[in-house]
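Residue numbers begin at 1 in each chain, while the letters A, B, ... track the order of the sequences.
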Amino acid sequence: APAAAEEVTIPIIVKDTTSFYWQIVLAGARAAGKDLGVNVPELGAQSEADINGQITILENAVAGKPAAVVIAPTEFKALGKPIDEAAKSVPIIGIDSAADSKAFTSFLTTDNVEGGRVAARGLAEAVKAKTGKAAGDVALITALPGVGSLDQRAKGFKEELAKYPELKLVADKVADGQATTGLNITTDLLTANPNLVGVFASNLIMAQGAGQAIAENKVADKVALIGFDNDDKLVGFLKDGTIAALVVQDPYRMGYDGVKTALAASKKEKVEAFVDTGANLITKANMDEAKNSALLNPKVK
Amino acid sequence: MSATHLATPEAAPLASGDIILELRDLEKRYGPVLALKPASLAFRRGEIHAIVGENGAGKSTLIKLLTGVIPRTAGDIRWNGKSVSLATPQEAIDHGINAVHQEVMLCRHLSVAANIFLGDETVKFGLLQKRDMVRAAQAILDDMGFQLPAAAQLDSLTIGQQQLVATARAAKRGTKFLIFDEPTAYLTRQEAAQLFTLIRRLKAEGVTIVYISHRMEEIFELADRVSVLRDGQMVGTRDIAATDDNELVALMINRTIEQIYHKEQIPFGETLIEARHLSGKGFSDVSLSIRRGEIVGLYGLIGAGRSEFALSLFGRNPKTSGEILWKGKPVAINNERQAIGLGIALAPESRRDQGLNLNLPIGLNLNLPIYERLTKGFVISAGEEARRADKQIRDLSIKTPSRRSLASSMSGGNQQKIVIGKWLNHGADLFIFDEPTVGVDVGTKAEIYRLFAALLKEGAGILLISSYLPEVYELADTLHVFRSGRLVGSNPFHGASHEEVLAEAIGV
Amino acid sequence: MSTVDAASAKASQARRNYSFLFALTLLGLLVLLWAVLAIATPNFMSDKNISNLLRQGSMIAILAVGQTFVIITAGIDLSVGAVVGFTTVIIALLINAGVPVWLSILITLLVGLGIGLFHGFGITKMGLPPFIITLATLTSLRGIGLLITNGSTISIDNDDFTAFATKDFLGIPSLFWMVILVAVPAYIFLNHTRWGRYLFAVGSNPESARLSGVRVNGVIYLAYALSSVFAAFVGVLLATRIGIGNATQAEGWELQAIASTVIGGSSLFGAVGSVHGPLIGAFILATINNGANLLNVNSFWQRIITGGLIIVIVYFDQLRRRGR
Amino acid sequence: MSTVDAASAKASQARRNYSFLFALTLLGLLVLLWAVLAIATPNFMSDKNISNLLRQGSMIAILAVGQTFVIITAGIDLSVGAVVGFTTVIIALLINAGVPVWLSILITLLVGLGIGLFHGFGITKMGLPPFIITLATLTSLRGIGLLITNGSTISIDNDDFTAFATKDFLGIPSLFWMVILVAVPAYIFLNHTRWGRYLFAVGSNPESARLSGVRVNGVIYLAYALSSVFAAFVGVLLATRIGIGNATQAEGWELQAIASTVIGGSSLFGAVGSVHGPLIGAFILATINNGANLLNVNSFWQRIITGGLIIVIVYFDQLRRRGR
Ligand SMILES: Nc1ncnc2c1ncn2[C@@H]1O[C@H](COP(=O)(O)OP(=O)(O)OP(=O)(O)O)[C@@H](O)[C@H]1O
Ligand SMILES: Nc1ncnc2c1ncn2[C@@H]1O[C@H](COP(=O)(O)OP(=O)(O)OP(=O)(O)O)[C@@H](O)[C@H]1O
Ligand SMILES: O[C@@H]1[C@H](O)[C@H](O)CO[C@H]1O
Ligand SMILES: [Mg+2]
Ligand SMILES: [Mg+2]
């Protein structure tokens with residue numbers, strides 16, 4: 001057992017350190033570390049699709065003999081075994097997404113399938129608001145293939161969309177993770193489908209590209225765009241009406257509570273086994289409500 | 001070294017104004033290799049000064065030092081009485097020192113004109129005046145008597161033509177000191193004659209010429225004085241009038257050669273190969289045959305089609321019509337491996353482009369055709385590999401510290417020996433040697449000719465392609481002349497005079 | 001003139017015409033693609049879509065021209081995508097800090113220049129292979145950009161600046177004007193100035209260039225400086241187009257730029273390349289993507305088709321070149 | 001023996017030792033990195049971490065050895081990352097279909113062989129530049145893999161297979177054993193068989209090789225086949241490590257493999273390369289990442305440091321090589 005005098009270390013491993021969403025998670029974790037006097041190394045792979053990279057980081061983190069590990073598994077099945085293996089030496093707290101392991105001590109996640117459903121409902125409403133009825137062609141843009149949470153969102157979105165028979169999914173596009181590609185795809189979709197009334201861009205970067213395309217083509221009054229997650233840019237789009245609504249999770253809390261729960265688990269205290277941190281639909285109308293405002297303006301620095 | 005007693009100091013002391021360039025204890029080391037031992041020499045204004053020496057003696061090294069290509073490791077160079085650093089090629093060019101290097105040093109992707117003006121382009125308002133340069137380059141080429149198109153891309157020319165471009169480039173205006181490193185190696189007699197005319201004209205204009213060659217007759221035809229290098233050491237300078245072949249050769253190799261063109265009469269055996277009305281790219285309707293024990297010579301001008309013919313026999317280039325018989329039976333030779341399999345070997349003309357893997361060890365180059373044979377089970381027998389390479393290095397006296405040295409670090413002549421050595425190592429019934437003695441020193445030439453004799457005695461036949469008339473003339477049992485892709489005359493030129501052969505080749 | 005000379009003059013004539021012919025062929029392939037798409041989709045030939053297409057191909061086109069300078073010297077610049085991402089961050093910071101747009105652009109281009117000079121230094125003075133030094137910069141620059149922004153996105157709050165990318169002049173998108181702005185001087189530079197010629201000389205045979213008094217190191221500095229400055233310029237354009245500064249953008253664009261260059265007929269062994277080639281190469285790639293989107297080809301098929309078309313296009317081009 | 005001969009014998013002696021010394025130097029740098037990390041972190045030298053490190057470097061190491069064969073012929077293989085991703089899908093499908101593991105592996109390697117032969121065909125018969133044909137395969141293969149899996153992930157439901165990657169034999173991780181399994185024959189092949197010699201000969205001067213009776217096209221087929229088969233083998237290993245088949249995995253591994261090869265002393269212009277070089281190169285890169293994780297270096301700094309260290313390591317290596 002680690003000596004009491006030594007600083008307790010609880011690494012947090014996110015999927016990909018290069019996106020703002022994960023920076024909010026890390027900010028929450030950092031704040032918790034400060035509040036609780038815990039050393040919180042901030043780790044993560046270079047891309048959400050880099051499964052081997054995340055396994056490697058998990059292995060390295062466990063080799064450092066931490067008190068516990070907080071991890072956002074990048075892929076459901078692939079991280080199962082490594083987490084089982086790691087849990088033999090330290091308590092593991094899962095955040096954001098699930099993994100195929102029963103070894104988690106606790107779990108704080110968004111239900112991404114539900115997030116997709118929320119987006120579909122939001123899209124239907126926004127289309128109705130713009131055109132008078134929930135009918136017409138819609139499109140889905142996914143940032144990268146092979147990313148578990150994005151696939152789950154697509155799944156939930158399509159399931160829920162089926163409940164609106166007059167909304168027709170005419171394009172289901174997968175990009176390469178670049179905002180410019182999202183922009184080009186959206187532009188081309190607008191050209192190819194003159195009757196397009198809605199687009200769901202299922203993550204931050206795609207929403208940035210798609211939002212830019214809506215603005216560039218000046219079709220905000222005809223086409224409803226739903227994004228996922230948030231940063232300044234998207235909040236700006238939300239304000240000026242380019243984006244109809246954002247599905248927003250609570251990453252700050254995942255980070256903060258993740259570390260807090262991990263510390264408790266390392267002390268063998270009893271912790272909640274499962275927490276759904278929720279996916280909220282935020283529109284221009286409700287963006288100033290206190291809770292939403294807090295979600296849109298996380299304390300990153 | 002006990003040989004220094006051979007060197008007699010120069011007779012006439014020089015007035016200092018006569019001297020344009022002087023070396024004092026100039027030295028070059030490559031790591032531990034002393035390529036040029038401290039050498040002192042003075043070049044007179046307006047003289048033609050020849051430098052001779054065996055392959056690897058240090059001739060090219062000396063030239064590279066004088067043109068700022070490589071830095072010296074010790075000593076002093078004085079230009080018009082003043083010490084100069086010659087640290088960069090540009091500095092040498094600025095003084096008026098230019099060279100035509102042994103290996104063609106041009107950019108093959110650029111045009112002839114662009115090469116001639118490289119580093120010295122005509123520019124107006126910041127823009128290249130391409131037409132002006134092509135015109136000017138053409139004027140320079142025409143003036144020098146070289147019939148070459150200035151607008152052509154360099155790699156559309158033969159090596160010999162490229163060598164002439166390099167000459168034009170170095171000899172154009174502003175040159176005061178011009179060095180030729182084996183300029184005639186790739187030239188025909190006709191072109192060599194043009195070159196000599198140019199050199200004499202430059203001399204008359206007061207340009208100092210340094211002339212390196214392995215061809216003694218050229219030295220005696222052109223030079224005023226001659227200096228000899230041996231093993232990196234300057235062993236003497238002579239007035240051309242006061243010396244002869246024998247003395248120079250003795251100075252160079254520290255022994256004498258009774259006979260360069262070694263020729264034994266060996267009875268001819270069966271016919272190895274017979275080409276019947278063979279045509280292909282660059283040649284047409286060629287019929288000839290080669291017997292065991294026979295040297296068949298192919299003489300012609302550059303571009304006459306001899307190399308293309310040879311490459312066809314070797315399966316590298318397709319034939320378009322005609323027939324090849326091997327030991328009396330019709331054969332299809334569709335690729336090099338089939339040719340090699342029959343017992344044909346080809347030492348190609350361009351050692352750089354076709355003959356060598358320059359950035360690989362000498363040993364690998366020598367063994368490249370025989371690795372199948374060296375393989376025991378799955379792996380190569382390392383001992384056998386080393387033995388075979390060392391044998392060729394010894395037999396051909398290839399001047400190298402080790403078979404592991406890279407081919408690129410060899411002097412030009414030694415590189416040529418590797419090209420030949422690789423096929424001696426392999427063995428064959430028919431050897432095609434395309435310009436085998438380009439850049440090879442007298443001593444080694446004699447050795448190579450002796451080697452031909454040995455091959456013939458063992459029952460081989462030889463197809464000898466050469467632009468060096470004395471060589472084919474003296475060695476060939478049957479001499480054919482190629483002109484514009486065809487054999488001219490129905491009879492072998494045996495017994496014809498040099499002049500008659502040359503006249504056939506040119507077509508006058 | 002003898003027959004030999006006449007023959008080689010003819011060959012050289014052919015080769016001179018060849019570059020033009022070759023361009024025609026590639027351009028022909030591009031036009032063919034357009035014709036097919038014009039028939040296959042109702043919207044391809046619309047003004048709007050042609051504008052979009054021009055806009056979409058512009059940035060890779062400019063990168064590819066810069067890359068071509070480097071490739072002509074027998075080098076490679078893997079850093080261009082990272083430079084684009086990094087410079088979106090630089091210009092976003094500058095503009096948000098209230099620096100005038102023209103000055104922000106100038107500073108951003110100077111940052112690009114600095115990166116290019118660093119590459120030149122690494123290659124000529126430290127003796128590093130271009131692949132290595134530019135790979136190292138690629139890695140480090142993304143890190144520095146992420147560090148500066150703390151992994152997030154900087155939203156550019158200057159509407160004039162971000163509106164630029166959507167503007168047209170004389171019916172042609174501003175981004176495509178930028179291609180023209182870059183390509184015309186690049187063409188003159190490469191084909192009609194001494195430094196352009198030295199790029200070829202160094203790529204063809206650096207030793208002989210050196211013997212001719214060409215400052216080989218200077219030429220290498222120049223090539224990498226141009227490539228990086230072009231990339232920084234693309235960073236500026238990308239920032240106006242997506243309205244953000246983000247260090248992870250333009251990932252993989254280096255491969256697209258190199259591919260455009262090679263499709264456009266450059267050789268990675270140096271001394272062969274043009275300005276029109278990479279431009280056509282870049283727009284061929286952009287057309288493939290645009291067409292696939294308009295045809296609503298499944299995204300996965302889109303990748304398969306892109307790979308297949310690259311092979312087909314370069315193959316035909318090779319045939320034409322050999323058959324010349 | 002004259003002084004020249006004695007001196008030059010010494011030089012050649014030096015040169016003979018050189019290849020060994022050079023390896024030592026790079027190895028020295030690796031050992032230095034290890035020493036620094038052993039002092040700087042309490043856990044670096046733990047059994048557990050050394051196991052991790054060996055496991056982490058293994059896959060890139062094997063790819064890099066395969067890539068080296070291609071690079072020695074003066075080629076390049078950009079497809080290896082895509083082949084790895086694609087073959088994880090193939091083996092996952094096979095195993096889930098109940099095909100015995102040994103047969104699944106064999107078939108997967110044959111798929112790799114097919115891809116490599118296709119590259120050989122494209123280069124020798126269609127005359128395509130290696131950069132282009134392997135870039136095209138990279139693009140298309142990811143598309144095909146995504147199409148097969150419909151963009152998702154295939155869980156491999158064979159625990160014996162997926163447990164392999166975590167196993168140890170004689171205290172050494174199974175994945176590292178695979179490196180040895182590949183490297184030893186690769187070493188013998190490259191240095192002690194005629195085909196190894198031919199790879200160098202073709203990379204150095206294909207025309208001379210051809211005129212010496214070497215089947216140049218055959219050698220090119222061989223190099224690309226080896227590279228792809230090695231990549232397919234890595235695909236098998238990755239599948240055991242992550243327990244899934246997913247076509248998007250191993251993105252960018254081609255650059256890491258090429259970088260390892262170049263750090264290990266290969267020249268992209270061909271005819272220079274070894275087996276130990278890329279192995280050391282790959283483990284240097286793995287050590288940098290592992291060390292940075294253990295030192296808790298911010299991931300952005302990690303990129304910056306990686307780039308910097310690549311420069312420093314290759315620079316020192318160049319110095320040593322020049323000073324030999
Ligand atoms: N780059 C180099 N590295 C090491 N040794 C070299 C290098 N260049 C030349 N040498 C050595 O220097 C010596 C002199 O070579 P040099 O080329 O000057 O000979 P040369 O007299 O011109 O011979 P040749 O008549 O064959 O051209 C040779 O032993 C050669 O191997
Ligand atoms: N690269 C080339 N491009 C076009 N034609 C060529 C090329 N090389 C050679 N030729 C042509 O092929 C023909 C035969 O050339 P080849 O080299 O066989 O002549 P050769 O008699 O061996 O002369 P040499 O070898 O002395 O130059 C000539 O007409 C020549 O112009
Ligand atoms: O799972 C994550 C998060 O929920 C966030 O939306 C960023 O991208 C996804 O992959
Ligand atoms: Mg020489
Ligand atoms: Mg010839």
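Scanning all heavy atoms of the two residues, the minimum distance from D:Arg142 to D:Glu251 falls at NH2-CA, 3.3 Å. Here the closest non-hydrogen pair linking A:Ala262 and A:Val70 is CB-CG2, 3.8 Å.
The choice from D:Ile244, D:Asn289, D:Val297, D:Thr248 that makes the most heavy-atom pairs within less than 4.5 Å of chain A is D:Ile244. In terms of heavy-atom pairs under 4.5 angstrom with chain A, the leader among D:Lys48, D:Gln302, D:Gln56 is D:Gln56. Considering only heavy-atom pairs separated by less than 4.5 Å from chain A, the leading option among D:Leu146, D:Leu294, D:Asn298 is D:Leu146. Contacts with chain D were tallied for A:Pro145, A:Gly53, A:Ala49; A:Pro145 has the most, counting heavy-atom pairs under 4.5 Å.
Only the side chain of A:Asn39 comes within contact range of chain D, with at least one heavy atom under 4.5 Å from a heavy atom of that chain. With a 4.5 angstrom heavy-atom cutoff, D:Leu53 does not touch chain A via any of its atoms. Residue contact with chain D, scored on non-hydrogen atoms closer than 4.5 Å, involves the backbone and the side chain of A:Ile51 alike. Heavy atoms of A:Gln46 lying under 4.5 Å from chain D belong to its backbone as well as its side chain. At a 4.5 Å heavy-atom cutoff, the contact between D:Asn246 and chain A is made by side-chain atoms alone. Both the backbone and the side chain of A:Asn52 have a heavy atom closer than 4.5 Å to some heavy atom of chain D. The parts of A:Glu59 that come within reach of chain D are both its backbone and its side chain, each placing non-hydrogen atoms under 4.5 angstrom from that chain. At a 4.5 Å heavy-atom cutoff, D:Phe44 makes no contact with chain A through either its backbone or its side chain.
With contacts defined as side-chain heavy-atom distances shorter than 4.5 Å, the pair A:Val69/A:Ile10 does not qualify. Side-chain contact between D:Thr162 and D:Asp159 is present, with heavy atoms from C-beta onward closer than 4.5 Å. Inter-residue side-chain proximity for A:Glu75 and A:Gln54 is flagged as unmet; no heavy-atom pair is nearer than 4.5 Å.
Within the cation-pi definition used here (under 6.0 Å to the ring centroid, within 45° of the axis), A:Arg153 qualifies as a partner of A:Phe228.
Counting non-hydrogen atoms of other residues, nucleotides and ligands closer than 6.0 Å to NZ of A:Lys260 gives a total of 12 or fewer.
Taking 4.0 Å as the cut-off between side-chain N and carboxylate O, A:Lys158 and A:Asp172 count as a salt-bridged pair.
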